[in-house]
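Note sheet for the following structure.
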Amino acid sequence: AWLWDRGYTQNEASRALKVGDNNCSAALKTLFRDVLQTCHHGNEKWKTWPVEKNSGEGSNEEEDEALDDEMVAVEAIFGENVVSRPSSDQIEIIINTSLGEVILDVMRTPGKGYPSKEPPLISIVEKNGHSIPHALLRSTTVLLAAEAIAAAADGMPCIHSLAELIQSTFANQKSGLTADDNLRQTHSSVVVGDTDCISACEGVHVDVEE
């Protein structure tokens, strides 16, 4: 149920839980890794996501500072009353959308590859009730993954843009645009850097008539 609330199907959740020894957090990581690979449509670039240890340019201290700076900026933009930091590596934002409130959960994995090298672990969950179509949570997660991949290619933080993308995607859904319309609009404003991501996302179809 915990994974279902984040947009994944029962079969996906069951498979991921088996892989992760019935640990929900480990299962979520497996499922989001699958989403990242889907964005690259057969490319194994994200098969080893997340990195186990930060290497190359930049230190863990620099990554910590970058995340702290981003947290300050996000709090200033959205307000401290809707932004929380359950741990030093996790940020949660309550986002008021046209379809209801959702929680954007962004987690930097232990290797500290975010924001300079790779996307963070991203999930969205409805804050109250079940008024938002389940399939919309999943299709939006794909869009968020694409946005995070684009940011990682430039070594840039992405939490603010993820929150804005959720709001615009849900607003488009409310106004009657189809999932494909949402995807095309997102692609026009996000430079992903890999056309495989766009072609994969264009194959996602959402049935909002649940």
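Residues take their numbers from the sequence shown, with the count starting at 1. What you are looking at is a predicted structure, and each value in this text was computed from that prediction instead of being measured.
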Glu92: side chain to side chain donor-acceptor pair (under 3.5 Å) partners, not counting sequence neighbours: Gln90
If only atom types and distance count, is the side chain of Thr140 paired as donor or acceptor with the main-chain N or O of Ile166 below 3.5 Å? no
Rounded to the nearest 0.5 Å, how far apart are CG of Asp34 and SG of Cys39? 11.5 Å
Quick one: does Thr9's side chain get under 4.5 Å of Arg15's, heavy atoms only? no
Check: Arg138 side chain, His134 main-chain N or O, donor-acceptor pair, under 3.5 Å: no
With the side chain counted from C-beta on, respond yes when Leu162 and Ile93 share a heavy-atom pair under 4.5 Å apart, and no when they do not. no
Kindly assign one of parallel, tilted or perpendicular to the pair Trp49 and Phe32, based on the angle between their ring planes and the thresholds 30° and 60°. perpendicular
Checking side chain to side chain contact (heavy atoms under 4.5 Å, CB included) against Ile159, which of Ile91, Ile122, Val83, Ile77 comes through? Ile91
Find out if a path of hydrophobic residues (ILVMFWY) with successive side-chain heavy-atom gaps under 4.5 Å connects Val19 to Leu31. no
Nearest heavy-atom approach of Ala145 to Leu36 is CB-CD2, 4.0 Å
Taking all heavy atoms of Arg33 and all of Lys47, pick out the closest pair and write down the distance. CD-O, 3.4 Å
With a 4.5 Å limit on heavy-atom distance, are the side chains of Pro119 and Trp46 in contact? yes
Please check: side-chain N/O of Ser14 versus main-chain N/O of Asn11, any donor-acceptor pairing under 3.5 Å? no
By the salt bridge (Lys or Arg N to Asp or Glu O under 4.0 Å) test, which pairs, at least two apart or in different chains, include something from residues 66-79? Asp68-Arg85
Per-pair distances, 0.1 Å, donor-acceptor, side chain in residues 123-130, under 3.5 Å, sequence neighbours excluded:
unit_1 : atom_1 : unit_2 : atom_2 : d
Glu126 : OE1    : Ser131 : N      : 3.3
Glu126 : OE1    : Ile132 : N      : 3.3
Glu126 : OE2    : Ser131 : N      : 2.7
Glu126 : OE2    : Ser131 : OG     : 2.8
Glu126 : OE2    : Ile132 : N      : 3.4

Are Met156 and Val106 connected, step by step, through hydrophobic side chains (Ile, Leu, Val, Met, Phe, Trp, Tyr) whose heavy atoms are closer than 4.5 Å? no
OG of Ser98 to CD of Gln173, rounded to nearest 0.5 Å, is 9.0 Å
Exam field: side chain Tyr8 to backbone Leu28, donor-acceptor pair closer than 3.5 Å: no
Distance from Cys158 atom SG to Leu165 atom CG, nearest 0.5 Å? 10.5 Å
Does Glu147 reach the main-chain N or O of Ser161 with its side chain, forming a donor-acceptor pair under 3.5 Å? no
CD (Glu164) with more than 12 external heavy atoms under 6.0 Å: yes
Nearest heavy-atom contact between Leu137 and Gly7 is CB-CA, 3.8 Å
Kindly compute the distance separating CD1 (Ile95) from CD (Gln167), expressed to the nearest 0.5 Å. 6.0 Å
What I'd like to find out is whether the side chain of Tyr114 reaches to under 4.5 Å of the side chain of Thr109, using heavy atoms alone. no
Which of these passes side chain to side chain contact (heavy atoms under 4.5 Å, CB included) with Ile94: Leu104, Val102, Val82? Val82
Minimum heavy-atom distance Ser139-Leu136, with the two atoms named: OG-O, 3.2 Å
